[in-house]
Structures are given as C-alpha cells and as structure tokens.
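Atoms within each ligand, like the ligands themselves, are counted from 1 in listed order.
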Amino acid sequence: MSLRTRLAFLYTAIVGGILLLFGTAIYIIVSVALVNQIDATLIRATREIIQTTRIESSNSGDMQVVILPPLDFSTDVFAQVWGRENNLQAQSPNLSGFGSPLDPAGLLSGEAVFHNVTIGTAQLRVITVPLMLSGRWIASLQVASSLAFVFATQRVLLAVLIVGAVVSMAFANFAGWLSTRQALASLETVTQTALQITRADDLSRRIPYDGPAEDEIGQLIRAFNQTLSRLENLFNTQRRFVADVGHELRTPLTVIKGNVDLMRRMNCADDESMDSIESEVDRLSRLVGDLLLLAQAESGKLPLAWNPVELDSLLLEAMQQMSVLARDKINLKLGEFDQVTVCGDPDRLKQVLVNLIGNAIKYTPAGGEVILSLGKEGTKARMTVSDSGPGIPAEDVPFIFERFYRGEKSRTRSRDGKGFGLGLSIAYWIVRNHKGSIDVAPRQPNGTTFCVWLPLSPGECKEKEAETST
Ligand code: ADP
C-alpha cells in the first residue's frame, strides 16, 4: 500500500474515531434528556392526580375506593389505580377497555418506581406510586406515557449521525488524498531524479524544488542535493586522481623504457642511461611513497608518535637542512622566534616545514628571501614560512592543497624532477592530523606567506584521540 493511501486511511480513521466518540456522547445525552423530560411530565401528572383524587369507603365500610379526578388526560398520558387485591379501581378514559395493569411488576414494589414496559407494539414509561391513607398503603397509582417520541428521535438522530460520519469520513479521505498528493509530489520528483541519475550516470543533476526551503521536503531535497554535490566532487576528484597518477607514472616509465631499449640496442649499459634510470626509479619511489603517506593521512590512519615537540629546535633543524637547497641563491633567515612546545610527531611536523620551505625556495627567484618565524597566539603555536617570490595567483589559492594541483606557472615550468603537486596536500593532512590548520596569504609587496597553526602542548601529551579524516 502506498504512503499516500496509508495517510489518507489514517486521516479517515482519525476522523471516524473522533466522530464515533462524539456521536456516542450526543446519542446518550439526547436519550437521557428525552427520558428525563418524560419522567418530569409523569411526576407532574402524578402529583396533579394525587392532589385531586377522591377516596370513598366501599359499601362494606372497611375498603376505600379511589376515584380518579375528571382530568383532561392527553392522549399520551394514561392513568390507572389498582387496589391492594389487584382490583382495578379506576383508569383514565383513554384506557377504556384495557383491564390489565400498565406495569404489573411496579404494583409489587410498594415504593415509587419507573419502568419501561411494552404492551403490544407500544412502549411506555410507567411510574408506579403507592397511595397511602393514614399511613396505610391502600392502592397503587400508575401513570404512563408513550416512549414512541423518544425512540423516533433516537432513530432520526442515529441516522443523522451515521450519514454525517460517513460523509465526513469520505471527505476526510478525499482531503487527505488531495493534500498528501501535493506534499508527496516533490518526493516523486526526488525518486524520478534519483532514478535518472542512476540510469544516465550523471551526478551533475540536481532536484528542483519550488516550495519553501525550510519545510521537511525542502530540507530533504537540500540534503539530497548536497549529497549529490559531494558525490560529484568525490567522483571528479577520484577520476582526476587516477588520471594524474597515470600521467605521473607514464613519464618516468617512458624514460626508463627508452633507456633500456637503447642499452639493448647498443648491447652495453652506459653510465648515462643507468643514471637516468636510477633517477626515474627514485622519482617513482618518491611518488609512491607520497601517495601512500597521503592516503594514510587523508583516512586519519597515519601512524603518529605523540610526544612533546619543541618547534623551535625543529624549525632550526629544518632550516639547517634546507639551507643546502637555498645555497647562496636565496637568503634563508629567521624572523620572530619563540620557544614553543606542541604535541605531535617530530618527523611528520618536520616534513611539513621541509615541504613549505622547499616550495618557498623553489618558487622564489634567485636573490629573494625566505623568512621563517615561530610564535604563540592564545592557545596556539604559529609557524610561518614567508617568501618574496611571485606569489600564488588568487584563482589558484582555493586549490593548492588538493592532490596533484599545480599552478599554471609550475606546470609549464620545465620539469625540475621533483614536484608532483602533492607537497602541500601532504602538509595539509599532516597538520590536520595534529588538530591544527594551515593557511596561505599573499605577502606585500610580493610573495607568499604560509602559516601553520597547532594547539600548544597542555603539559603532557596524552594518547591522541581519533582524528577526523574529512
Ligand atoms: P609542487 O610544488 O610539487 O607543484 P605543491 O603541492 O607543493 O606541489 O604546491 C602546489 C602548487 O602551489 C604549486 O604548483 C605552486 O603553483 C603553488 N605554490 C606552492 N608554494 C608556493 C610558493 N611559495 N610560491 C608560489 N607558489 C607556490
């Protein structure tokens, strides 16, 4: 059964239940009110009769005979007086010819009682009242009224309630059906779009929605569209990644194959070819190593030592190591320098510094400068690598931490045999695994400043908590 049918039935059942409760209450209240009204009429008539009744002694002298007053009995009110010996003493004219007690059971009770009785096809409400004389029960007065009006009213009321309930339930069902159709139409669009996406393998599609964005359907569609964007992004990244890896592998493999062919043809292994093969194999190993490291860091599974790390010593070590690369081409120097301790893996943090300083040296023209600095800001350590190079074009900035991303200039540069476009990604993920962040800003008048933020060590370094990998 569809959701729409179920909702329509639910509405119908709710309306039906409410109507059943109200209908039952109305039916009972009206019935009780009608019977009360008849009882009040009977009590009034009984009082009137008793007040005007005559009691005469019989001929024998010891028996009293009750004579009903010549009241104007409406056709609906009947009266009888029965003596203690069950002898009919008097009855209203509208009962002439009827010689039985209106309520035989009532005659035995000795107190005022109401009973419903059926005589032939007529249903009557009967009150029986004992008539007393000087404290003696001498006869019983029975006054009755027809219940036909009550039953007729009950029948009409029941019919009205049943017809009303059926019409209301049909209306509720129809209204439920209509209103859910409008609400669920958007869900059908979601289903259709999802099917189209699957069939056409096209993640660029989005679900259109004209309704209010903050309602449940709007939120669902927004969440679905966000998921699609994320999936599209992931698929594109994956595709690009495979293409990039393929591209990076092909060049060294072509060089190696060319050299092997050459050596086979020449039938000798010359030093130049061997050097070239070795250098390309080194490049391949570096690429595979970087990729493995990145995969581990991205999934948060990078094995990290978690010890206090003195960033000042680490920075000096990295500077020492990279000064070989800078030689006298670049002025590598220290700026602000503080003593700072963080928790983490010294080798990995040094790798971040080496990648940043390496890039700064690589992209800064000869004669430029690279300034390293270290300080604290609040609860964070701040390490900066600032160069006087050409800077990073604004359009490249959002992408530089992506795998294999290389700025236009770097791509068109002659291959320096080193860059794969992985250095900044690796730095980014290592810093993320240390609960820190990394950002980049242009340096005035020219150049680039990379800034790494890490939480300061609270004293001892407790076991590292699970790291988010997104
Ligand atoms: P690679 O240096 O191997 O190309 P990276 O991931 O280290 O890869 O850097 C990505 C890109 O960011 C580089 O291709 C370059 O365009 C840009 N870049 C990084 N550091 C600098 C810098 N200090 N100055 C200018 N551009 C930079």
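If you look at Thr448 next to ligand 1, the close heavy atoms, those under 4.0 Å, all belong to the side chain. Contacts between Phe420 and ligand 1 below 4.0 angstrom, taking non-hydrogen atoms only, involve the backbone exclusively.
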Begin with the C-alpha distance, continue with both residues' side-chain angles, and end with the deciding distance and a verdict on ring pair (Phe, Tyr, Trp, His ring centres under 6.0 Å) for Trp306 and His434.
CA-CA 9 Å; Trp306 203 246; His434 280 81; 5.5 Å; yes

Walk me through whether Thr449 and Thr384 qualify under side-chain hydrogen bond (donor to acceptor under 3.5 Å, both in side chains).
CA-CA 7 Å; Thr449 302; Thr384 57; over 6 Å; no

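Any N or O atom pair closer than 3.5 Å counts here, and Lys362 shares at least one such pair with ligand 1. An N or O contact shorter than 3.5 Å links Leu424 to ligand 1 by distance. Polar contact with ligand 1: present for Gly421 (N/O pair, distance under 3.5 Å).
Side-chain contact, Ser276 with Ser273: no donor N or O sits under 3.5 Å from an acceptor N or O.
Ligand-side atoms of ligand 1 in range of Ala360: 23 (N), range being under 4.0 angstrom from any heavy atom. Close approach of ligand 1 to Arg406 (heavy-atom distance below 4.0 Å) involves ligand atoms 4 (O), 14 (O).
Taking a cutoff of 4.0 Å between a charged side-chain nitrogen and a carboxylate oxygen, Glu216 and Arg222 do not qualify as a salt bridge. Between Glu280 and Lys257, none of the side-chain N atoms (NZ, or NE/NH1/NH2) sits under 4.0 Å from a carboxylate O, so this pair counts as no salt bridge. Ion pairing between a basic and an acidic side chain is recognised when a charged N comes within 4.0 Å of a carboxylate O; Glu298 and Arg403 show such pairing.
Ligand 1 does not have Gly389 within reach: every non-hydrogen atom of the residue lies 4.0 Å or more from it. The shell of residues lying under 4.0 angstrom from ligand 1, judged by heavy atoms, includes Leu422.
Remark: Phe114 pairs with no residue by the ring pair (Phe, Tyr, Trp, His ring centres under 6.0 Å) rule, at least two apart or across chains.
The option with the heavy atom closest to atom 23 (N) of ligand 1, from among Asp387, Val385, Val370, is Asp387. Relative to atom 13 (C) of ligand 1, the option among Tyr405, Tyr363, Phe399, Phe401 with the closest non-hydrogen atom is Tyr363.
Sorted by first and then second residue, the pairs that involve residues 239-286 and meet ring pair (Phe, Tyr, Trp, His ring centres under 6.0 Å), not counting sequence neighbours, are Phe241-Phe404.
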